[in-house]
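Scroll down for the structure; my scribbles are underneath it.
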Protein chains: 4
Amino acid sequence: MTKPNKWQSILSSANDVFLNCGYEKTKMDDIAVGAGVGKGTIYQYVDSKEELFVQMIKTNVSYVSDVLMEAIEESHSIEAFFDRLLHKTLFMLNKHGEKISFVIYEDLSRISNQLQEWMAENQEKDMQRLSTMLQHFMDQNDIRDVQPEVAAWLIQDVLRLGIYFQVFRKQDNIEELMRGEIDILLKGLK
Amino acid sequence: MTKPNKWQSILSSANDVFLNCGYEKTKMDDIAVGAGVGKGTIYQYVDSKEELFVQMIKTNVSYVSDVLMEAIEESHSIEAFFDRLLHKTLFMLNKHGEKISFVIYEDLSRISNQLQEWMAENQEKDMQRLSTMLQHFMDQNDIRDVQPEVAAWLIQDVLRLGIYFQVFRKQDNIEELMRGEIDILLKGLK
Amino acid sequence: MTKPNKWQSILSSANDVFLNCGYEKTKMDDIAVGAGVGKGTIYQYVDSKEELFVQMIKTNVSYVSDVLMEAIEESHSIEAFFDRLLHKTLFMLNKHGEKISFVIYEDLSRISNQLQEWMAENQEKDMQRLSTMLQHFMDQNDIRDVQPEVAAWLIQDVLRLGIYFQVFRKQDNIEELMRGEIDILLKGLK
Amino acid sequence: MTKPNKWQSILSSANDVFLNCGYEKTKMDDIAVGAGVGKGTIYQYVDSKEELFVQMIKTNVSYVSDVLMEAIEESHSIEAFFDRLLHKTLFMLNKHGEKISFVIYEDLSRISNQLQEWMAENQEKDMQRLSTMLQHFMDQNDIRDVQPEVAAWLIQDVLRLGIYFQVFRKQDNIEELMRGEIDILLKGLK
DNA sequence: TATGAATGAGATTTCATTCAT
DNA sequence: TATGAATGAAATCTCATTCAT
C-alpha cells in the first residue's frame, strides 16, 4: 500500500470513529484498527490526536462551504439560488452523509482553540459572501430590504434543517421539508 | 449546611463547570471545589458523573421548553405569539445566559443514551404543541397552509438565532436580529 | 496507614528502584509495587516521575554534605578533621549504603536541569566551607600553603574512594584504604 | 560513499549524540540524521543501539588508558611520571574534549552488563600496571611505602580532576590545578 | 547495499469511584 | 452524614527494530 492510500485510510477511519464516538471517547487504537494500520503509523502523518481531528473537520467543513459558494456563483435570482442550494445540499448529504453533523452540532472550541478560530474565520467568509449576494438581490429589487445578516443565517438554516432531519431524525422526506422551508422564506407565513 | 443547600451548591457548580469545560474535560474534583463540598459528598446525591450531568441538562432544557409553552398558551394570533416569544426569549437569555447553549450545541447522545431519549421525547412534545398551535392558526386562516413540521422548526430557529448571536458571537443587537427574523418568517423575502 | 508512612514508603521504594535500574529504566509501576501502594497514590505526593527523582536525590545529597559539615564544625586541626571525616564517612556508608552512589557517579544534568543547578549550588557551598576551613588551617600554619580548591577536591576524594570501593568494588577494607589515602594526603608520596 | 566512511560517520555521530543526550534520550533517528545515512543502514554495522553504544565507549576508554600507559612506559621516577601524565592529559583533554566525561561520570552497568565487565577488566589492568610501577618506585626508594591500590586511585584522580574542572566547571586553569594536586600528592599537606 | 515507512510493546499520567474514618 | 486519600483501568504517545522496495 502506498503512502497516500494509508493517509486516506486513516482520515476515513478517523471520520467514522470521531463521528460515532465523539472526540474524547475516540481512541487512537480504534482509528488505527479501522484504518487497518498500526497505531504508530498515524503519528507519521499527524503529531497528535488533536491535529488529526482538526484535519478531519477542516475537510468536512469545506464540503459545506463549497455547497454555499457553488450555489452563489451560478445564481442570478433568489429563486435560482435556492433551487441550486436545494440540489447541491441533497447531493452533498447523499455523498458525505453524516460526516457533516459534527461541523454543525458540536461546540468545537473545547477541543481546539486553533480550530475554533479557523471555523470562525470560515463562517465569517461564508456570511460575507452570502451577504454580498443578498445585497445584490436587494439592489435589483429581487428581494425586499432585510438585514443581510439575518437572511444569511436563514439561508444556512436550510442546510441545518437538511442535516438535522436526515442525520438525527432519519427522515426520508428531506427534499419536501427543504422545499417547504424555502417556500416560507420566500413568501412568508402569512 | 443543610441537605437541600448542598444539593443546590452541587448543581450550580456542575452547571458552571460542565458549561465551561464540556462533559469529558470536567473533573468531579472541580465540581466539588466549586460547590464547597467534599468529592465523596456528590455521590450522596447522584450515582455517577453521568447522572449529575443528566440532572443539570434536564433543568436547563426546561427553561427552553417553558419559553415555547408560555408563548403558545397566551397567544391567539401568530403575531401575538411571535411577540411573546421574542420577549420571553430575551428574558430567558438575560437570566440563564449561556447555560442554554449546551442544550443546543452539544451532541448529547454520546454522553448518555437515556438523556438523548429524554431529549428526543421532550423535543417531540414541543414540536407537537407547536404543530397543534400552527394547525389552529391555519384553520383560522391566520397563516397560510404550510408544513407544520417545517414551521415549528423555523419558530425554534428564533431561539437558536438568539442563543448563537448572544453566546457565541457576543453581539448586543439580539432583539433587532430576532425582530428581523420574525419579519422574514411572516412576510417572506420577496 | 497514615499519610507520612505512605510517603516514606514511596520515597524508600523510589530510592531502591532508581538506584538499581537508573532513571530511565525505572518504571513508576515498580516503585508503586515496591512501596505497596497504588500507582496513582504516588501522584498525590509528586507531580511527575522527575519530581520524585529530584526529591530522592536531594535527600541523599544532604547525607554527604552533612558528613562534610559535621566534620568541619568540630575540628581544630587537619588531623582531627580527617579523623572525624573518616569515622563519619564509615558511619554514613554503613547506614545509607548504596544510596549515595547515584549522587557521585551519575550525570544528573540530563535528567533535570533544575536538579543540576541545585546540585551545583550545593557543591559550591561545600567547596566554600571546605576552603574556608583550609584557609584557616593555613593561616595557623597547621598545613602549608596550597590551592584551597585543589585541597577541597582531594578531601572530597576521601568520600569518593570510600563509596567507590564499597559500592562498586564491594571491598571490605574500606577503613584501611581511607586511612591510606589520608596518610598520603598529609605526608605525600615522597 | 564507501563502507568505511559510512561506519566512521555513524560512530562519530553516535559519539556526539550519546554525549549530549545520554543513552536513553538518544534516538537512532538522530544518530542516522547526524551521520547522513538512513536509519536502517546503522543496522548493517551493529545489531542494536546497545552495541553501537558499546563500540563508542570502547573507543573512548582507550584514550584514557593510553594516557596512563604511555606515561608509565617512559618514566623512571615519580616526578617524571607525573610530568608526563600532566602533559599527556592536557593533550588528550584538548583533543578528545568532552568525550571522556561519559566514561567517568556515567554508571555504565545499567546500560550493558557486558560493557561493565569489559570496563572493570580494563580498569583492573590499568590498576595493575600502575601498581607495578608504584611498587617498582617503592623498591627503589623513590617513594615511601604506601598501599599501591590507594596510590593508583590517587594518580587516576589527577585525570578525574582535569576532566571535572574542564568539562563540568568549564574552568581554564586546568594545568595549574593539576600541578597543585600533583604537588600535594608528592609532598603532602603538612 | 541502502532506505525509511510501518509497527506495537510499553511508558507516564489522569480521574471517576470507593471506603475507612 | 461528610470527607478526601487511595486506587488502577485506560488513555496518548514514543521509538528501537523490521522489511519491502
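Labels below follow one simple rule: chain letters A, B, ... track the order of the sequence lines, proteins then strands, and each chain is numbered from 1.
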Please report, rounded to the nearest Å, how far the P atom of F:dA11 is from the CD atom of A:Glu50.
18 Å
Between B:Asn122 and B:Ser65, does a side chain to side chain contact (heavy atoms under 4.5 Å, CB included) hold up when you go through it step by step?
CA-CA 8 Å; B:Asn122 220 274; B:Ser65 282; 3.0 Å; yes
How close or far is atom C1' of E:dT12 from atom CD of C:Glu51, stated in whole angstroms?
15 Å
When A:Gly38 and C:Asp29 are each assigned the nearest nucleotide of DNA chain E, the 5'-most assignment goes to A:Gly38
Output yes when at least one side-chain N/O atom of C:Tyr45 is less than 4.0 Å from OP1 or OP2 of F:dA5, else no.
no
Between E:dT7, E:dT12, F:dT17, which nucleotide gets closest to the side-chain atoms of D:Lys49?
F:dT17
So does C:Thr41 get a side-chain nitrogen or oxygen closer than 4.0 Å to the phosphate oxygens (OP1/OP2) of F:dA5?
no
Whole angstrom value for the distance that separates C1' of F:dT12 from CG of A:Asp47
13 Å
Measure the shortest side-chain to side-chain distance between D:Gln55 and D:Thr59 over non-hydrogen atoms and say whether it is less than 4.5 angstrom.
no
Any residue of residues 10-21 of chain C with a heavy atom less than 4.0 Å from an atom of DNA chain E:
none
Does any donor-acceptor pair link the side chain of A:Gln44 with the base of E:dA6 at a separation under 3.5 Å?
yes
Does the structure show a Watson-Crick or G-U wobble partner for E:dC15, both distances under 3.5 Å? Name it, or say none.
F:dG8
If you find the nucleotide of DNA chain F closest to D:Thr26 and the one closest to D:Gly40, which residue's nucleotide is nearer the 5' end?
D:Thr26
Between D:Arg110 and D:Phe53, is NZ or CZ placed under 6.0 angstrom from the six-membered ring centre and within 45° of the ring axis?
no
Mate of E:dT21 where both pairing distances stay under 3.5 Å, Watson-Crick or G-U
F:dA2
By nearest-nucleotide position on DNA chain E, the 5'-leaning member of A:Ile42 and B:Met28 is A:Ile42
Between F:dA11 and A:Lys27, is there an OP1 or OP2 to side-chain N/O distance shorter than 4.0 Å?
yes
Counting side-chain heavy atoms from C-beta on, which of E:dT12, E:dA5, F:dT3 comes nearest to C:Lys39?
E:dT12
Between CG of C:Asp30 and P of F:dG8 the distance, given in whole Å, is 15 Å
Geometric cation-pi criterion, D:Lys49 with D:Tyr23: 6.0 Å, 45°:
yes
Atom-pair distance (CG on D:Asn5; C1' on E:dT1), nearest Å:
15 Å
Taking the side chain as C-beta and beyond, is there a heavy-atom pair between A:Trp7 and A:Val46 under 4.5 Å?
yes
Can you confirm whether D:Val61 sits close enough to D:Met119 that some side-chain heavy atom of one is under 4.5 Å from a side-chain heavy atom of the other?
yes
Please lay out, stage by stage, how D:Tyr63 and D:Lys95 fare under the test side chain to side chain contact (heavy atoms under 4.5 Å, CB included).
CA-CA 10 Å; D:Tyr63 295 143; D:Lys95 198 165 159 209; over 6 Å; no
Taking the side chain of C:Tyr43 as heavy atoms from C-beta outward, which of E:dT13, F:dT1, F:dT7 is closest to it?
E:dT13
Within this structure, what is the NZ-to-P distance between D:Lys25 and F:dC15, rounded to whole angstrom?
10 Å
Could you state the interatomic distance from CG (C:Asn15) to CD1 (C:Ile10), rounded to the nearest 0.5 Å?
13.0 Å
